[in-house]
Amino acid sequence: MTAPPPVRPPDPPGEPAPTLSKAPAEATSEATSGTPSGAPAQRRPSRLLAPLRETGKLFALGLAVARAIFRRPFQLREFIEQFWFVASVTILPAALVSIPFGAVIALQVGSLTQQLGAQSFTGGASVLAVIQQASPIIVALLISGAAGSAICADLGSRKIREELDAMEVMGVSPIQRLVVPRVLATMLVAVLLNGLISVVGTLGGYFFNVIMQNGTPGAYLASFSALAQLPDLYVSELKALIFGFIAGIVAAHRGLNPRGGPKGVGDAVNQSVVITFMLLFFVNMVLTAIYLQIVPAKGG
């Protein structure tokens with residue numbers, strides 16, 4: 001005969017019934033995730049939408065800079081310092097690059113016009129190619145490669161040292177204090193460099209066409225005056241202005257958003273140059289297509 005099992009006394013009224021302890025696996029998962037098992041899990045942002053978010057931030061920064069340009073106080077001293085810095089690092093490379101650019105265009109166009117029997121139009125065709133296409137592209141490449149990378153590195157180093165956060169705490173807008181003078185400096189230097197490159201490239205093309213391809217100076221100048229018109233210079237300066245704005249905005253955007261400390265600043269500099277080049281060729285295609293549709297060719 002075995003003894004009967006002990007009978008558990010009933011729980012007193014008012015006390016909750018005992019609950020079973022959670023399994024160790026559930027407790028471990030809650031401890032690692034930080035969310036209770038009954039709460040809905042938060043969805044991580046998709047990596048496919050990251051370029052779209054970055055594009056939106058870039059456009060938002062461009063609008064913020066455009067609004068801050070007309071606000072006071074204007075940082076005149078910072079603008080002058082940045083203008084001098086951007087001009088000092090781009091003038092000599094621009095002059096040196098524009099000579100072979102003009103020479104290559106003149107030689108290629110001269111060879112093509114010789115095959116077609118229209119050598120008298122070499123001057124006009126080569127000068128139009130330099131003014132409308134080569135000059136703004138050279139400006140944008142130099143501004144983004146030399147000045148834009150320096151601007152991005154400067155802002156990125158300030159960001160990782162938390163200087164920009166300190167400025168915001170003190171009520172100073174980093175966009176108005178630092179970004180606006182740099183963007184305006186890149187725009188003004190781009191417009192001035194475009195004129196310099198157009199002149200130097202045209203003179204280089206004239207020299208190589210007359211000296212190396214036995215062209216006549218009178219035919220070179222006559223074809224230029226017959227094909228070129230004043231809106232060609234206007235659209236060239238407009239392209240340079242827009243390219244300078246894009247280079248400054250992209251450099252500032254990547255400099256304000258570095259990732260991973262000093263290494264992130266270096267990556268941001270490389271990204272700013274690459275993004276500027278991509279936007280440059282796309283915007284140049286759009287502006288050229290619009291110009292050719294709006295402004296009729298001379299004599300057409």
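All values reported here derive from a predicted model rather than from experimental measurement.
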Nearest 0.5 Å please: distance from the CD1 atom of Ile275 over to the CD1 atom of Ile246. 12.0 Å
Determine whether the side chains of Ser198 and Ser135 contain a donor N or O and an acceptor N or O closer than 3.5 Å. yes
CD on Gln132 to CD1 on Ile137, rounded to 0.5 Å: 11.5 Å
Would you say that Val180 contacts Arg71 through its side chain, given a criterion of any heavy-atom pair below 4.5 Å between the two side chains? no
Counting only N and O atoms by type, is there a donor-acceptor contact under 3.5 Å from the side chain of Asp165 to the main-chain atoms of Glu162? no
Identify the two heavy atoms, one from Ile131 and one from Asp232, that lie closest to each other, and give their separation to 0.1 Å. CG2-O, 3.9 Å
For Ser98 and Ala94, indicate whether the former's side chain and the latter's backbone hold a donor-acceptor pair under 3.5 Å. yes
Side-chain heavy atoms of Leu58 within contact of Val250, under 4.5 Å: yes
Would you say that Leu188 contacts Leu184 through its side chain, given a criterion of any heavy-atom pair below 4.5 Å between the two side chains? no
Might you point out which heavy atoms bring Pro181 and Gln176 nearest each other, and give the distance in Å? CD-O, 3.7 Å
Is the shortest distance from a Lys or Arg side-chain nitrogen in Asp154 or Arg182 to a carboxylate oxygen in the other one below 4.0 Å? yes
Any side-chain heavy-atom pair of Phe83 and Val189 under 4.5 Å: yes
Donor-acceptor under 3.5 Å (Ser144 side chain, Thr276 main chain): no
Locate the shortest heavy-atom distance separating Ala252 from Leu155; write the atom from each residue and the value. CA-CD1, 3.6 Å
If hydrophobic clusters are built by linking Ile, Leu, Val, Met, Phe, Trp and Tyr wherever their side-chain heavy atoms come under 4.5 Å apart, do Leu128 and Val104 end up in the same one? no
Of all heavy-atom pairs linking Ile143 and Thr90, the shortest is CD1-CG2, 4.3 Å
Please confirm whether the backbone N or O of Val183 pairs with a side-chain atom of Thr186, one donor and one acceptor, at under 3.5 Å? yes
Would you compute the distance between atom CG of Leu96 and atom CD1 of Ile197 and round it to the nearest 0.5 angstrom? 11.0 Å
Would you say the side chain of Lys239 lies within less than 4.5 Å of the side chain of Val283, judging by non-hydrogen atoms? no
Do Leu142 and Leu279 belong together in a cluster built from hydrophobic side chains that touch within less than 4.5 Å? yes
Sub-4.5 Å side-chain heavy-atom contact between Ile160 and Pro258: yes
Going only through I, L, V, M, F, W and Y residues with side-chain contacts under 4.5 Å, is there a path from Phe243 to Leu233? no
Tell me yes or no: between the side chains of Lys57 and Asn257, is some donor less than 3.5 Å from an acceptor? no
Any side-chain to backbone donor/acceptor pair from Lys159 onto Gly255? Under 3.5 Å, distance only. no
For the CD1 atom of Ile175 and the CG atom of Leu256, what is their distance to the nearest 0.5 Å? 7.0 Å
Quick one: pull up CD in Gln133 and OG in Ser236 and give me the separation to the nearest 0.5 Å. 9.0 Å
Could you pull out the closest heavy-atom pair between Glu237 and Gly195, with the gap in Å? OE2-N, 3.9 Å
Roughly how far, to the nearest 0.5 Å, is CD1 of Ile249 from NE2 of His253? 10.5 Å
Indicate if Leu76 and Ile69 have the same hydrophobic cluster label, given that clusters are the connected sets of ILVMFWY residues with side-chain heavy-atom separations under 4.5 angstrom. yes
Ser272 and Ala251 have their tightest heavy-atom pair at CB-CA, 4.1 Å
Is there a path from Val199 to Ile138 through hydrophobic residues (I, L, V, M, F, W, Y) whose side chains come within less than 4.5 Å of each other? no
